[in-house]
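These notes concern the structure reproduced below.
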Amino acid sequence: MTKDWKTRTRLVHEGSRRSQYGEMAEAIFLTQGFVYPTAEAAEARFVQPGEDEFIYARYGNPTTRMFEERIAGLEGTEDAFATASGMAAVNGALTSLLRAGDHVVSARALFGSCLYVLEEVLTRYGVRVTFVDGADLDQWRAAITPSTKAVFFESMSNPTLEMVDIRAVSDIAHAAGALVIVDNVFATPIFSRAVDQGADVIVYSTTKHIDGQGRALGGVVCGTQSFVRKVLEPYMKHTGGSMSPFTAWIMLNGMATLDLRCRAMADGALQIARALEGHPALGRVIYPGLESHPQHGLAMAQMGSGGTLVAFDIADGKEAAFRFLNALQIAKISNNLGDARTIATHPATTTHQRLPQDQKDALGITPGLIRLSVGLEDPGDLIADLLGALAG
Ligand SMILES: *Cc1c(COP(=O)(O)O)cnc(C)c1O
């Protein structure tokens with residue numbers, strides 16, 4: 001669409017298609033398939049579908065296509081493919097590309113299911129995987145060799161909000177001929193400029209900020225047209241991980257307010273981090289937007305924001321952390337993120353429960369660690385809630 005549109009205009013209009021009725025809101029094309037006017041037309045479409053011609057919803061659908069165009073426009077990539085969940089996107093991006101004998105280098109600090117795909121699934125099919133400390137460029141340099149096909153990392157890690165330098169890792173990877181695949185969920189498509197910084201393929205769980213209201217699972221892979229349509233699409237459309245049209249409609253509606261929501265949440269996160277820093281009941285307060293964060297400079301250069309999550313360590317450990325969680329009035333105990341509702345998570349006993357202790361230690365997942373996904377409530381109310389719960 002129009003190349004010089006700014007983000008907020010794109011988020012409302014990009015990719016829109018209207019039927020002969022001229023409906024205002026995006027239509028949900030809740031149909032598995034499409035009727036061909038003639039047998040010749042069916043044959044021609046199976047040879048090569050034209051622009052805006054569809055065959056079967058597993059391959060593509062007008063509502064899903066609107067969402068793909070809108071997110072590709074936002075991300076600055078040529079194309080995108082929408083998937084049934086964030087994990088269908090991560091699995092699709094990696095599995096469609098890699099073959100037995102290929103080598104992948106990945107950051108170690110990963111969402112648990114991403115770790116499963118790399119450690120358990122890919123290795124089963126003869127892909128070699130090397131894990132590195134994502135913040136240590138020397139480890140990336142040592143691990144990436146000319147036989148490395150791809151690198152994978154979360155640009156901001158879960159739950160300790162460690163940043164990976166997209167530009168620096170992409171330069172190292174590209175010098176070896178490897179493709180850079182970034183899971184960009186915590187950075188959000190609003191704060192990230194991953195493509196400008198060298199990423200080739202960008203993956204989102206749209207379950208998080210893009211829906212933003214905790215309604216539906218979804219995912220998307222953004223990249224060049226040749227990666228999305230020649231490498232990824234054949235794999236996705238034949239293995240069944242496509243996004244449903246109804247989910248795409250939810251995500252399209254989420255996109256319209258995405259910029260406003262992410263900025264409001266990040267403003268709230270900064271206010272909360274400042275209010276908590278130095279509290280006597282807390283050890284570390286981790287927020288990349290705080291000057292005290294060791295990667296504050298990188299966060300500002302890479303995202304221009306500290307993002308929408310804050311992590312902090314309750315000094316007295318698990319029991320004190322549970323007392324704190326149980327005393328919260330506004331923030332909800334759950335494990336999603338990017339929701340309009342503020343969500344508090346205790347990673348050591350939930351999202352990261354199954355990690356062995358040595359890996360929890362290595363990732364900084366202490367017994368008192370709380371991950372807070374800041375929502376859209378009034379930041380003053382949230383600060384009062386958090387300070388009240390800390391006071392017991
Ligand atoms: C949630 C999440 C995923 C998985 O997304 P689903 O939509 O739950 O499948 C992958 N990576 C990161 C960083 C996430 O936060």
Side-chain angles (χ1 to χ4, degrees), residues 1 10-36 45-46 48-93 95-96 184-185 189 201-258 338:
M1 251 192 207
R10 289 178 180 277
L11 284 170
V12 176
H13 292 291
E14 184 136 27
S16 289
R17 285 158 165 70
R18 290 192 165 84
S19 76
Q20 71 272 32
Y21 301 111
E23 65 280 355
M24 176 61 80
E26 293 84 358
I28 311 176
F29 288 91
L30 213 47
T31 177
Q32 52 68 36
F34 302 84
V35 177
Y36 313 102
R45 205 174 294 185
F46 270 78
Q48 177 62 53
E51 182 89 0
D52 261 327
E53 286 185 350
F54 298 93
I55 293 173
Y56 194 60
R58 178 150 46 72
Y59 295 20
N61 170 285
T63 313
T64 312
R65 191 68 199 132
M66 289 191 241
F67 170 65
E68 291 170 343
E69 280 187 14
R70 194 166 294 179
I71 184 92
L74 171 64
E75 197 61 36
T77 54
E78 289 172 4
D79 213 336
F81 192 92
T83 59
S85 69
M87 284 322 303
V90 171
N91 181 63
T95 311
S96 66
N184 221 14
V185 169
V201 177
I202 299 127
V203 178
Y204 290 101
S205 161
T206 68
T207 314
K208 314 294 167 54
H209 302 81
I210 294 175
D211 174 347
Q213 292 167 68
R215 299 166 295 192
L217 285 176
V220 68
V221 181
C222 303
T224 60
Q225 197 166 29
S226 81
F227 180 83
V228 171
R229 297 297 155 192
K230 302 235 160 66
V231 179
L232 179 76
E233 186 195 284
Y235 177 83
M236 294 309 301
K237 77 183 187 187
H238 294 305
T239 58
S242 308
M243 180 180 276
S244 90
F246 183 72
T247 299
W249 177 80
I250 289 176
M251 299 306 167
L252 279 162
N253 282 286
M255 295 280 283
T257 56
L258 184 64

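FYI, side chains are in, hydrogens and waters are out, and symmetry mates aren't considered; it's all heavy atoms of this structure.
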Verdict with supporting geometry, L258 and L74, side chain to side chain contact (heavy atoms under 4.5 Å, CB included): CA-CA 11 Å; L258 184 64; L74 171 64; 4.0 Å; yes

Is a donor on one side and an acceptor on the other found under 3.5 Å between the side chain of [X] and the backbone of [Y]?
| X | Y | value |
| --- | --- | --- |
| D211 | G218 | no |
| R10 | R70 | no |
| R229 | A80 | yes |
| E68 | A82 | yes |
| T63 | F29 | yes |
| N184 | I202 | no |
| R18 | M24 | yes |
| T83 | G219 | yes |
| T64 | G60 | no |

Which heavy atom in [X] sits nearest to a heavy atom in [Y], and how many Å separate them?
| X | Y | value |
| --- | --- | --- |
| S96 | Y235 | CB-CB, 3.6 Å |
| A216 | I250 | CB-CD1, 4.0 Å |
| V203 | A93 | CG2-CB, 4.1 Å |
| V185 | K208 | CG1-CG, 3.6 Å |
| Y59 | F81 | O-CE1, 4.1 Å |

Could you grab the distance from atom [atom1] of [X] to atom [atom2] of [Y], nearest 0.5 Å is fine?
| X | Y | atom1 | atom2 | answer |
| --- | --- | --- | --- | --- |
| I71 | D79 | CD1 | CG | 12.5 Å |
| K230 | Q225 | NZ | CD | 7.0 Å |
| M243 | L217 | CE | CG | 9.5 Å |
| E53 | F34 | CD | CZ | 11.0 Å |
| S244 | N61 | OG | CG | 8.5 Å |

How about [X] and [Y]: do any of their side-chain heavy atoms sit closer than 4.5 Å?
| X | Y | answer |
| --- | --- | --- |
| V221 | F227 | yes |
| Y56 | S242 | no |
| I55 | R45 | yes |
| S16 | E69 | no |
| T95 | T239 | no |
| E14 | F67 | no |

Quick one: do M255 and I210 satisfy side chain to side chain contact (heavy atoms under 4.5 Å, CB included)? Show the steps, please. CA-CA 6 Å; M255 295 280 283; I210 294 175; 3.8 Å; yes

